[in-house]
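By convention here, the first residue in the shown sequence is residue 1. Keep in mind that this is a model prediction, so the values were computed, not measured.
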Amino acid sequence: MAGGWARDGAVNEQIEATVNDELARMRARQQPVGDSLTHCAECEEEIPRARREARPGVKLCLDCQQERDTRYVARSGINRRGSKDSQLK
């Protein structure tokens, strides 16, 4: 049930859209593009053949990829589709 000027289901649609945006961002990030490198782009260590075959397009060795994955990346927590106030009116 929506309150104010919002139609029924508007808040749930907004939540679903935000979740779908995040899922699309994560899926796009996971897909390497192009040919795999034989040596890491950061440390020049050889990338194992099994990794290159399992993840076509890989550019980093396991150690560099794990380090990159654990780095903190600040992202805004603001819903860019609209403020809470505008959704509930």
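Going from atom OG1 of T18 over to atom CG of L23 covers 11.0 Å, rounded to the nearest 0.5 Å. With values rounded to the nearest 0.5 angstrom, N12 atom CG is found 6.5 Å from E16 atom CD.
With sequence neighbours left out, D69 forms a side-chain contact (heavy atoms from CB on, under 4.5 Å) with R29, Q65. For E44, there are no salt bridge (Lys or Arg N to Asp or Glu O under 4.0 Å) partners two or more places apart in sequence or in a different chain.
Contact of the R51 side chain with the L62 side chain is registered, since non-hydrogen atoms from C-beta on lie closer than 4.5 Å.
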Show which side-chain atoms of residues 33-43 pair as donor or acceptor with protein atoms under 3.5 Å away, not counting sequence neighbours.
residue : atom : partner : partner atom : Å
S36     : OG   : R52     : O            : 3.4
S36     : OG   : G57     : N            : 2.8
S36     : OG   : V58     : N            : 3.3
E42     : OE2  : R68     : NH2          : 2.4

